[in-house]
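Report on the structure given below.
Read the numbers this way: they start at 1 and go in the same order the structure lists the ligands and their atoms.
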Amino acid sequence: MHPLDDSLIRDISLAPEGNLKIDWAAAHMPLLDRLREQFQRERPFAGRRIAICLHLEAKTACLALTVQAGGGEVAVAASNPLSTQDDVVAALVDRGVTAFAWHGATSKEYEMHLRRLLDFRPHALIDDGGDLVALLHRERPEQAAEVAGGCEETTTGILRLRAMAAEGALRFPMLAVNDALCKHLFDNRYGTGQSVWDGIMRTTNLVVAGKTAVVVGYGWCGKGVARRAQGLGARVIVCEVDPVRALEAAMDGYEVMPVVDAAKEADFLITVTGNRDCVTRPALQVLKDGAVLANAGHFDVEISKLDLADLAVRVRTVRRNVEEYTFADGRRAYLLAEGRLVNLAAGDGHPVEVMDMTFALQALALREVLHNKYPPGVHPMPPALDRLVARMRLDSLGVRIDELTPEQQRYLHSWRADA
Ligand code: ADE
């Protein structure tokens with residue numbers, strides 16, 4: 001059967017546009033390119049059905065095609081209905097991948113797409129945010145026995161997987177790709193840092209320099225968003241509940257304060273916590289007129305849309321991806337991309353070269369979990385794979401580094417002072 005016969009997509013005639021986007025991304029993803037050549041020779045996924053639930057844009061397509069080149073039969077669904085690019089999905093189907101996704105799917109359609117992905121009876125999964133793994137365990141526990149394992153991309157997804165594992169509910173091994181150094185040090189920090197501001201700037205066309213940017217959450221993503229705001233000339237305030245991270249933010253040179261105090265000052269208020277209800281009525285009530293609100297956490301629960309709607313006397317769309325909420329006293333707040341991940345729902349996601357590293361880790365994690373016997377549970381990425389990805393990226397940049405001499409190696413591993 002041709003993948004088109006089984007797929008649920010918006011419009012296959014969009015494929016040429018999507019193919020151009022994929023080709024552009026592929027030309028800037030040397031790590032995946034190298035892995036694709038290697039996988040073509042070694043066929044590590046031959047005879048395996050691989051389900052991919054990620055943000056469906058051009059870089060993700062390159063990962064799907066890399067897995068396909070390794071002999072895998074690949075099907076995809078979206079990890080967020082607003083990040084799906086219909087032309088890219090059409091191009092994937094054109095290239096032999098089965099797809100269940102369209103941009104703007106309702107919650108019901110989104111779940112239906114995930115169910116169709118499970119109907120594909122995968123042997124392994126690549127997940128982003130944990131929805132696919134959770135759905136399988138909730139609705140199709142008997143199918144878990146067919147799954148050799150998988151890998152998870154995000155902080156949010158790994159938290160959910162660990163909660164499942166703690167209850168003994170997780171029935172197969174999942175590699176925590178997010179915890180690899182080459183993931184969160186670069187993707188979360190530099191990828192989110194750049195792509196969040198790209199999303200905000202292309203959506204609003206407003207200047208950042210001279211304004212106040214409030215960043216709620218100082219994990220690796222928050223650090224990146226704050227640093228880029230500073231680089232763009234903003235005054236930066238950080239809100240953080242963890243005392244160590246809050247101290248880190250203060251010593252990195254940012255003002256640190258609670259959300260209700262920071263909200264009074266915000267020209268841009270960006271949540272990036274992975275938690276719910278971070279910006280609620282008390283903060284919304286004190287916003288300045290014209291404040292721009294955006295979320296960069298996985299789910300659209302960080303800024304309370306319920307409280308926003310409750311406070312508003314009028315809501316209207318004033319630009320693509322910009323909702324204006326007018327309060328009773330005339331103040332206006334602008335919510336970007338319905339409070340969903342602003343970098344993906346209102347942009348193209350992380351820069352290509354950054355996702356090249358993340359997806360190289362994903363491809364290697366998939367091979368790792370399929371070819372080694374891990375028990376059910378959440379497992380770290382083998383450090384050797386982290387180092388391999390770092391080396392490949394350094395190679396692609398033309399950066400050379402020194403090697404330890406045998407004497408230095410010995411010295412590092414000895415407790416004798418004269419070693
Ligand atoms: N592009 C594809 N997946 C992504 C992710 N998880 N974050 C940012 N950009 C992406």
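Salt bridge status for Arg162 with Asp179: present, with a side-chain N to carboxylate O gap under 4.0 Å. Contact check on Lys59 versus Glu57 returns a salt bridge, with a Lys/Arg side-chain nitrogen under 4.0 Å from an Asp/Glu carboxylate oxygen. Arg160 and Glu152 are not joined by a salt bridge, as no carboxylate oxygen comes within less than 4.0 angstrom of a charged side-chain nitrogen.
Tyr110 and Asn80 form no side-chain donor-acceptor contact under 3.5 Å, judged by distance and modelled atom types alone.
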Between ligand 1 and the protein, find all N/O pairs closer than 3.5 Å and give the distance for each.
residue  : atom  : partner : partner atom : Å
ligand 1 : 1 (N) : Glu57   : OE2          : 2.4
ligand 1 : 6 (N) : Asp128  : OD2          : 3.0
ligand 1 : 6 (N) : Glu153  : OE2          : 3.0
ligand 1 : 9 (N) : His350  : N            : 3.0

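Aromatic ring pairs are classed by plane angle as parallel below 30°, tilted from 30° to 60° and perpendicular above 60°; the pair Phe186 and Tyr190 is parallel. Between Phe268 and Trp197, the ring planes are perpendicular. Angles over 60° get that label, and only those under 30° would be called parallel.
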